[in-house]
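The structure appears below as structure tokens.
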Amino acid sequence: MGRSRSLWLLAAGTGGLIVLAVGFMFLVNSAESTARIDLAATMASPASEARDFFQSLEQIHQIADAPCSPAFVEKLRGIVFSSLLVDDAAYQRDGKTLCSGLGMPFDQLQLPARPDFVAGNGWWVWSRVSFGARSAQTVTVIDTGTFLLILRPRDDGAWPQRPDELLSWLRIGEHGRTEVVFGTDIGLTDAQLHAARTRWTQAGIVVPACLPIGWDCYTLLVPWREIAEQHWPLLAACAASGAAGGLLLVWLAFRWMRWRYSPGRQIRLALDHNEFVLRYQPIYDAATGRYIAAEALLRWPQPDGSTIAPDRFIPVAEEAGLIGAVTRNVLRLMSQDLGAWLVQQRDFSIEINVSPEDLDDPLFYGALDEFVVGKGILPRQISLEITERRLIEANAGDCTRRLRALGYQVLIDDFGTGYANLDNLDALSLDGVKIDRSFTVHLGDGSARSRITQAMIELARRLDLDLIAEGVETVPQMHNLLYQNVTHMQGFLFAQAVSANELQTLRPPAIVAIRQMQMSGWA
Ligand SMILES: Nc1nc2c(ncn2[C@@H]2O[C@@H]3COP(=O)(O)O[C@H]4[C@@H](O)[C@H](n5cnc6c(=O)[nH]c(N)nc65)O[C@@H]4COP(=O)(O)O[C@H]3[C@H]2O)c(=O)[nH]1
């Protein structure tokens with residue numbers, strides 16, 4: 001996945017979550033403001049009722065006429081008429097009602113002997129009192145000592161029964177101050193209320209609201225269900241985008257983890273940290289009795305002292321598109337290790353494994369210029385080995401011709417394992433072939449493979465190709481090769497892959513020297 005695509009997906013995922021968060025904040029905000037408006041509206045009604053009540057009471061107290069005189073009753077009636085809350089008011093002395101604004105028969109009031117409760121200033125309050133004659137209607141009666149006031153029942157008929165409930169609607173303060181308190185407080189402290197901070201609880205959003213000076217603060221619980229019901233389309237959209245964003249991010253995180261710990265990335269890091277090293281396996285020329293070349297073989301040392309073989313990481317590098325970088329790294333290491341030495345040893349060459357992808361990669365040609373020509377190494381001192389099957393698949397004739405024109409040698413690696421026929425080999429323009437170990441191992445054992453090897457050697461010779469036998473492990477194998485005039489050999493019989501320093505001081509093993517003497521008769 002491309003980097004810019006990942007960034008887009010990351011942005012989309014984060015965007016989804018932001019939409020969810022913003023949408024959710026919006027919902028909460030809207031629920032909050034709705035709740036505050038509701039609160040204010042709910043407050044306004046009992047507050048105005050309370051104000052109306054006290055205003056009426058004050059006006060009654062201010063009537064200067066003689067109690068129950070026609071003028072007094074006239075004024076009382078006027079006050080009662082203009083009040084929304086007070087149904088009637090009566091003057092009483094020594095527990096007896098003497099007159100009332102509307103002339104209501106107060107003796108028909110069925111007031112129980114004990115009031116429902118006594119307010120802070122000593123007023124007696126009866127709630128849900130009914131008239132004897134009109135029992136259907138219930139009212140609240142407040143006895144202030146001098147006056148009796150009949151309060152109209154609320155529209156919803158919900159006059160509370162208990163003093164604390166009544167107080168929750170209409171509290172008569174000690175100094176005549178009107179306070180309205182709702183019973184919705186669900187456990188906020190005064191400090192919390194005054195900070196007016198919205199709280200999220202399991203049940204819903206708790207919205208605190210305080211009325212202007214002198215008024216108490218209230219809380220209102222807006223249940224989640226209510227919020228969801230009111231804003232479900234927005235909620236659904238937010239939830240969908242949030243879920244999509246979340247999934248996208250989880251998926252991206254998963255991909256990132258896979259990338260982070262992928263073998264491809266480990267190889268990239270190993271290249272960046274210069275962790276790879278080269279070992280060189282010498283190639284022996286039985287005709288001259290000397291090592292004439294060496295194959296550069298990559299190794300990946302691990303912190304625990306072990307080494308990862310190229311068979312394991314080269315295919316991964318190819319799959320991850322890193323083989324070009326690996327090959328350039330090999331060229332760099334080789335020129336570092338042996339550049340100066342190769343300038344002294346003009347007859348010695350190094351074989352480098354390259355991948356068909358390298359052949360039309362301009363960076364590869366740049367690396368050849370930099371690490372071969374640029375270090376004074378002659379191009380003919382470098383042989384480029386390409387696996388037979390891959391070379392045919394890549395149809396790389398033009399590239400091999402170009403490389404040979406530049407002076408490099410081109411060899412087919414693992415010859416015999418692919419399907420090169422005469423035409424292929426001719427079209428590829430090669431310098432030589434390396435007989436694969438799987439054939440060398442059967443040399444001289446009379447098997448079909450052994451006969452095929454003979455045929456391959458014949459074929460290469462007819463095409464005038466150099467021959468190198470890989471994987472020579474035993475003296476009979478060496479004999480057999482010499483018998484067939486194959487003199488260039490590579491294998492554990494001669495040497496394993498060694499460091500650059502060891503390569504420069506390596507002597508052919510004794511067994512080879514002895515056999516070489518015998519061989520000189522056959523060659
Ligand atoms: N049993 C046995 N094995 C022998 C004998 N003589 C040589 N070998 C092993 O055979 C392999 C020869 O290299 P290859 O065929 O090019 O096969 C190489 C080559 O295809 C690839 N490779 C190694 N280095 C590079 C590199 O730098 N670039 C690329 N693209 N491929 C590389 O990895 C393969 C394996 O490399 P190595 O593990 O180093 O294994 C080497 C070498 O150690 C022998 O007598 N007996």
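Counting starts at 1 for both ligands and their atoms, following the listed order. Just so you know, these numbers use all the heavy atoms, side chains as well, and skip hydrogens, waters and symmetry mates. Counting from 1, the numbers follow the sequence of the chain as shown.
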Completion exercise
Checking heavy atoms under 4.0 Å, the part of Gln496 that sits near ligand 1 is neither
Going by heavy-atom distance to [atom], choose the closest among [options].
atom: atom 39 (O) of ligand 1; options: Arg279, Arg437, Arg299; value: Arg299
atom: atom 23 (C) of ligand 1; options: Pro356, Ala317, Pro315, Pro310; value: Pro310
atom: atom 20 (O) of ligand 1; options: Val354, Asp436, Asn353; value: Asn353
atom: atom 15 (O) of ligand 1; options: Glu473, Glu470, Gln490, Gln477; value: Glu470

Handout entry: Close approach, Gly471 and ligand 1, non-hydrogen under 4.0 angstrom
Key = yes
Handout entry: Residue-ligand contact Glu295/ligand 1, heavy atom below 4.0 Å
Key = yes
Practice task
Measure from atom 17 (O) of ligand 1 to the protein's non-hydrogen atoms and state whether any distance is below 4.0 Å.
Solution key: no
Problem - Heavy-atom protein neighbour under 4.0 angstrom from atom 27 (O) of ligand 1 - result: yes
Practice task
Give the C-alpha distance, both sets of side-chain angles, the deciding distance and a yes or no for side-chain contact (heavy atoms from CB on, under 4.5 Å) between Ile323 and Thr327.
Solution key: CA-CA 6 Å; Ile323 195 66; Thr327 306; 4.3 Å; yes
Problem - Side-chain ion pair, Arg402 and Asp398, N-O less than 4.0 Å - result: no
Practice task
Please check if the side chain of Gln381 supplies one atom and the backbone of Gln345 the other of a donor-acceptor pair under 3.5 Å.
Solution key: yes
Practice task
Kindly give the heavy-atom pair with the smallest separation between Phe371 and Leu331, and that separation in Å.
Solution key: CB-O, 3.6 Å
Exercise for the section: Using salt bridge (charged side-chain N to carboxylate O under 4.0 Å, His left out) as the criterion, list what pairs up with Glu319, not counting sequence neighbours. Expected result: none
